[in-house]
Protein chains: 2
Amino acid sequence: MKKRVLISDIAKALGISVTTVSFILNDKAKEKRISDALTKRVLDYVNKVGYKPNQLAKSLRTGQTKILGLLVEDIANPFFSNVAKHIERRAYETGYHIIYCSMDNDEHKAKELIQLFMDRQVDGFIITPSEGLEDTISNIKQNNIPLVLFDRFVPSVETNYVVSDNRRGSYEATKHLLEGGNKRIGLISLYSNQTQMRDRLDGYMEAMDEFRVQSFIKKLNLDSSEAESQEQIREFVVDNKLDAVLFATNYLAVDGLKALKQHKTSLPKMVAFDEHTLFKLHDPSITVVSQDIEQLTRELIHTLIAEISGKLKEVRQLTIPCQLIVRESSISS
Amino acid sequence: MKKRVLISDIAKALGISVTTVSFILNDKAKEKRISDALTKRVLDYVNKVGYKPNQLAKSLRTGQTKILGLLVEDIANPFFSNVAKHIERRAYETGYHIIYCSMDNDEHKAKELIQLFMDRQVDGFIITPSEGLEDTISNIKQNNIPLVLFDRFVPSVETNYVVSDNRRGSYEATKHLLEGGNKRIGLISLYSNQTQMRDRLDGYMEAMDEFRVQSFIKKLNLDSSEAESQEQIREFVVDNKLDAVLFATNYLAVDGLKALKQHKTSLPKMVAFDEHTLFKLHDPSITVVSQDIEQLTRELIHTLIAEISGKLKEVRQLTIPCQLIVRESSISS
DNA sequence: TTTTTTTGCTAAATATATTTAGTAGATTGC
DNA sequence: GCAATCTACTAAATATATTTAGCAAAAAAA
């Protein structure tokens, strides 16, 4: 257990002041007119003894923790864990670390966690806001903490966000089903006012209206059990004699598949929102509206870092196109 | 943007010293003989103004960051993202935060990340060690940083670990296939000396030897492309005319399913290690050896917190039983 | 009454950096 | 030749807590 080297040890060893060492280590040698000779001497010595500044002391003084807070709906959902992986990689490349947590659509938990992260003085937030978070989000803004919303946003508060073009994605998916000759097409969604859900509903409606056919909409409770959800999905599909179904999230589609498999109901044509390993392998393979995680996370981190470094002059609100990936489940034989 | 309240503000407002406030806030009022009256007065005031100590200053002074470092193989793998979710929840309950990252079986990246986390002075590590990390793990131990290995361990270094009983899980799975009347049973694994892979091989071997039948073993490279893996799996299964296959990881099984689906090869009987949403829904549904994530993470956090708080008197090495969940894929019709 | 102990609290040191304000000496300007 | 400017640094303040060592007054013991 070797003792940590301090900046004062370096100063003492080289017979110079702590200030000088600090300037050199923070790339202010030129600005502060430290001679090249001394700069080199310090840098060489620092390298030799492998000095690393204490991040805590540094953060305490500068107010920058180089930590970002990532709050997603559920890190165990493959969509979000994929997002988390991309974000993590990009953040590390830029010298930031990520602390994360799942909010599980629990308003109380979310508020507590955001407060906890603020107490920890994260340099910025990435949040997929669940409902009821208007005040909290607004509070973050008021405290001037850099923030980017993700996957959905809060219309009543003007913030940066990066989301997918859910309305268009949903429209294209529905149109695809309509053009396949399906008449009775249902949408399975959630009782949720989150923007992504509203947009997916809107897109579905727009396509249905365009084709002048009746719409069938079933919303499930966020907190209903898997068994309840499955039963409701089955009923909805069977009772309405649906030809095709658009699922508003990947896990709704998974629930749907389970429900229909269990009851040996023959599968209607279907499209799901968001990719899932299952979908490529399922028999039949499942058509999806896929979000461009690569681009979403790139813009996300880019926006957040820009805001942190003060380079962002105005609010940045991006909508990234989705891609309809047609597989077997939506093709009429 | 209201200004932060400092401990000195409180002291000033109440006309007492900073020391006294600090004692009271750190539950040392009794020990330091602060009067009950004053204690209450301070606590009430703190509550009123909503004072929260600056974590950075606190950490700098005490050396405790209340942050744990979680290093997993791949956070996008559903097994690990599930683990991450459980760990996160338990950690927060105990007042700890998690910074995480994926090591992607990249030795260099892993070493860099561990060093980074050490520089950040995490209070403890949770690591699924990839190969070549003996020295780094040993280094963590030498620096007296609390550590629990997970999913696999490093035999050459004596550390805490929590792993599943992979040997037994593999043995049971193989035996189950043997008892189903399958003769030619193959194991698909990885070129890896990690303990969990060795144990899964051992368990397979033990069962095969017990039944006195020839074993078929195929190992894939960690870094081979999906296409390569798939081709090799297909060849292995077809060339050896296998009746059944045991896959040593969930993603190998997924690759296998993709490979066999693409080439319309009829599916042999199969069992996979680790659960995956896909497996319940696949047709046929896939039999798995399931790890008890609930118990694994409970023991994990419990052990780590015990070590951090100095309550752990000796190294703790736990092996948790797996469960064989029999589904359609392994049952002989 | 004097000494000892206890009570209830505080001043100053500490953790480890960054940053502001300033200084001594050398050089330049006029 | 003397003021003004520049060069190359540094002392001290700062960020915000925790912790050690110690002090004055009150109570108890002698």
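The chains referred to below are lettered A, B, ... by the order of the sequence lines, with proteins before strands, and numbering in each begins at 1. Excluded from the calculations below are hydrogen atoms, water molecules and symmetry mates; all remaining heavy atoms, backbone and side chain alike, are included. This structure is a prediction, so every number in the text was calculated from the model and none was measured.
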If you take all heavy atoms of Lys109(A) and Ser102(A), which pair is closest and at what distance?
NZ-O, 3.1 Å
Under a 4.0 Å N-O cut-off, is there an ion pair linking Asp36(A) with Lys30(A)?
yes
Would you say a side-chain N or O of Ser35(B) is under 4.0 Å from OP1 or OP2 of dT7(C)?
no
Distance in angstrom units between Ile10(B) CD1 and dC9(C) P, rounded:
16 Å
Protein-nucleotide distance (Arg33(A), atom CZ; dT23(C), atom C1'), rounded to Å
12 Å
Under-4.0 Å side-chain N/O to phosphate OP1/OP2 contact, Asn54(B) with dA17(D):
no
Interatomic distance, Gln121(B) CD vs dA17(C) P [rounded to whole Å]:
9 Å
Between dA11(C) and Thr19(B), counting only base atoms on the nucleotide and side-chain atoms on the residue, is there a donor-acceptor pair under 3.5 Å?
yes
Under 4.0 Å from OP1 or OP2 of dT18(D): is there any side-chain N or O of Ser22(B) that close?
yes
From CD of Gln55(A) over to C1' of dT18(C), roughly how many Å is that when rounded to an integer?
13 Å
Is there a side-chain polar atom (N or O) of Lys58(A) under 4.0 Å from OP1 or OP2 of dA15(D)?
no
Using whole Å, what does the distance between atom C1' of nucleotide dA17(C) and atom CZ of Arg4(A) come to?
11 Å
I want to verify a distance call: between dT19(C), dT16(D), dA17(D), whose nearest atom is closest to the Lys28(A) side chain?
dT19(C)
Which whole-number value in Å describes the distance from Ile24(B) CD1 to dC9(C) P?
8 Å
The residue, Lys32(A) or Arg61(B), whose nearest nucleotide of DNA chain C is more 5′ is Arg61(B)
Mapping Ala57(B) and Phe23(B) to their closest nucleotides on DNA chain D, which lands nearer the 5' end?
Ala57(B)
Base, sugar-phosphate, or nothing for Ile16(B), non-hydrogen atoms under 4.0 angstrom?
sugar-phosphate
Residue among Ile87(B), Ile301(B), Ile67(B), Asp123(B) satisfying side-chain contact (heavy atoms from CB on, under 4.5 Å) with Tyr96(B)
Asp123(B)
Which atoms form the tightest heavy-atom contact between Leu304(A) and Leu147(A), and what is the distance?
CD1-N, 3.8 Å
Heavy-atom closest pair (Ser130(B) atom, Gln194(B) atom, distance to 0.1 Å) is CA-NE2, 3.4 Å
The side chain of Tyr51(A) is closest to which nucleotide in this list: dA8(D), dT19(C), dA17(C)?
dA17(C)
Considering every strand and a 4.0 Å limit on heavy-atom distances, what is the contact class for Leu38(B): base, sugar-phosphate, or nothing?
sugar-phosphate
Figure out the CG/P separation between Leu6(A) and dT14(C), and round it to whole Å.
13 Å
Nearest-angstrom distance from the residue atom CG of Leu60(A) to P of dT16(D):
7 Å
